[in-house]
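Read the structure below first, then the notes.
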Amino acid sequence: MSEFKIALIKGDGIGPEIVDGAVKVLDAVSAKFGHKFEYTDVYMGGCAIDKFGTPLPQETVDICKASDSVLLGAVGGPKWDGCKERPEKGLLGIRKALGLYSNLRPSILKPQLKEASPLKDEKLKDGLNVMVVRELTGGIYFGERRNAEDGSWASDEEKYSVEEVERIGRIAFETAMLRGKRVVSVDKANVLDSSKLWRRTMTELAKSYPEVELTHMYVDNAAMQLAIAPAQFDVIVTSNIFGDILSDLSSAIAGSIGMLPSASLGAGKCGMYEPIHGSAPDIAGQDKANPVATILSAAMMLEMSFGLAEEAKAINEAVDKVLDMGYRTPDIYSEGMKMTGCAKMAELIAENI
Ligand code: NAD
């Protein structure tokens with residue numbers, strides 16, 4: 001029997017409902033495979049602002065650092081729009097505090113959900129199975145910010161070092177080695193010096209991975225290619241801001257954002273696992289949220305941080321089974337299917353572990 005400490009950041013909006021759903025499924029895994037998962041609830045985001053006056057209390061950082069991994073729901077919402085410190089600041093802060101410099105987002109089109117994709121059948125005939133590897137703690141979101149005193153201009157700095165590009169590049173090449181051995185590095189090297197450095201560094205790094213084919217693509221073309229021929233991609237590696245945008249696009253193509261997980265990793269085994277969507281305040285507390293993205297995030301945690309590949313597979317298979325049985329939350333519902341709520345969906349997946 002193995003024991004793992006998991007910090008739970010339920011967060012705001014639908015966060016508590018979807019994390020509760022994932023815990024139900026983890027408990028089923030624990031019962032079937034005999035592992036012990038010890039959960040600790042911690043506050044971050046809007047709920048932390050309400051309780052502690054800050055989106056990221058030190059206690060949250062300490063508990064997350066002492067855990068084997070973190071499972072996060074989502075943070076934010078209109079309630080905190082006027083706050084000096086926004087809930088999302090907690091998110092950037094915890095990634096930095098845990099040294100999570102890479103974000104891995106698999107976008108897989110499940111055959112059961114083909115009708116949920118906005119793309120036409122002909123564009124999806126070869127499927128979609130892309131892993132977007134996004135740099136997470138550098139670039140413009142963390143660069144120097146400046147504002148004119150009179151409010152007439154503002155600027156943000158995009159800056160990357162060779163070391164930052166190399167470490168995210170390694171994650172991408174190693175991920176590709178376990179998949180289709182193809183990496184597309186996305187940049188804007190025709191305009192930006194930071195992208196020229198990015199491209200040069202990726203090209204150099206590729207020499208250490210002779211089995212992997214590296215190609216480069218400008219970000220505007222990458223967005224177009226994702227929309228017109230998504231099957232061409234295996235692994236995409238890109239900067240923080242380009243990854244933010246492209247990973248939302250690749251996930252939209254795969255159907256609902258309610259289906260897609262992500263993993264944020266650093267140098268160690270401890271990672272933070274979360275759905276790619278936000279706190280969906282429009283449906284919070286109504287039992288309408290799709291818990292699958294969070295449940296699949298928990299599966300990624302088992303595989304990538306705890307080395308429990310068989311258990312992760314059991315979760316993925318249980319999700320497929322429940323979809324095959326025709327159960328759908330409202331975001332992925334189509335005629336003839338069985339409409340179900342967030343709690344029931346999680347329960348069904350747990351029962352099928
Ligand atoms: P969102 O992802 O919360 O919602 C976009 C749309 O998708 C909404 O219509 C929502 O109902 C739907 N949706 C999202 N998740 C769903 C799920 N699991 N099941 C069914 N439908 C789902 O994005 P938004 O509306 O732009 O942002 C809402 C808040 O979330 C904002 O405060 C934003 O800053 C925050 N946010 C947080 C994170 C995070 O915590 N990692 C990420 C993105 C946005």
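Counting starts at 1 for both ligands and their atoms, in listed order.
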All pairs passing ring pair (Phe, Tyr, Trp, His ring centres under 6.0 Å) where residues 148-168 contributes a residue, at least two apart
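Residue pairs passing ring pair (Phe, Tyr, Trp, His ring centres under 6.0 Å), neighbours aside: Tyr160-Trp198.
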Output side-chain donor-acceptor pairs under 3.5 Å for residues 113-126, partner residues at least two apart or in another chain, one line each.
{"unit_1": "Glu115", "atom_1": "OE2", "unit_2": "Ser334", "atom_2": "OG", "d": "3.2"}
{"unit_1": "Ser117", "atom_1": "OG", "unit_2": "Leu119", "atom_2": "N", "d": "3.1"}
{"unit_1": "Ser117", "atom_1": "OG", "unit_2": "Ile253", "atom_2": "O", "d": "2.6"}

At a heavy-atom distance under 4.0 Å, which protein residues reach ligand 1? Sort them by chain and number, would you?
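Within 4.0 Å of ligand 1, protein side: Ile14, Ala74, Val75, Gly76, Gly77, Glu88, Leu91, Ile257, Gly258, Glu274, His277, Gly278, Ser279, Ala280, Pro281, Asp282, Ile283, Ala289, Asn290, Asp331.
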Spatial distance of atom CG (Leu8) from atom CZ (Phe37) [nearest 0.5 Å]:
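Spacing of CG (Leu8) from CZ (Phe37) equals 11.5 Å.
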With sequence neighbours excluded, residues passing side chain to side chain donor-acceptor pair (under 3.5 Å) with Ser208
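Partners of Ser208 by the side chain to side chain donor-acceptor pair (under 3.5 Å) criterion come out as none, since no residue qualifies.
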For the residue pair Met301 and Ile6, establish whether any side-chain heavy-atom pair is separated by less than 4.5 Å.
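A side-chain contact exists here, since the closest heavy-atom pair is under 4.5 Å.
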Salt-bridge test for Arg105 and Asp248: reply yes if a basic N is under 4.0 Å from a carboxylate O, no otherwise.
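Yes.
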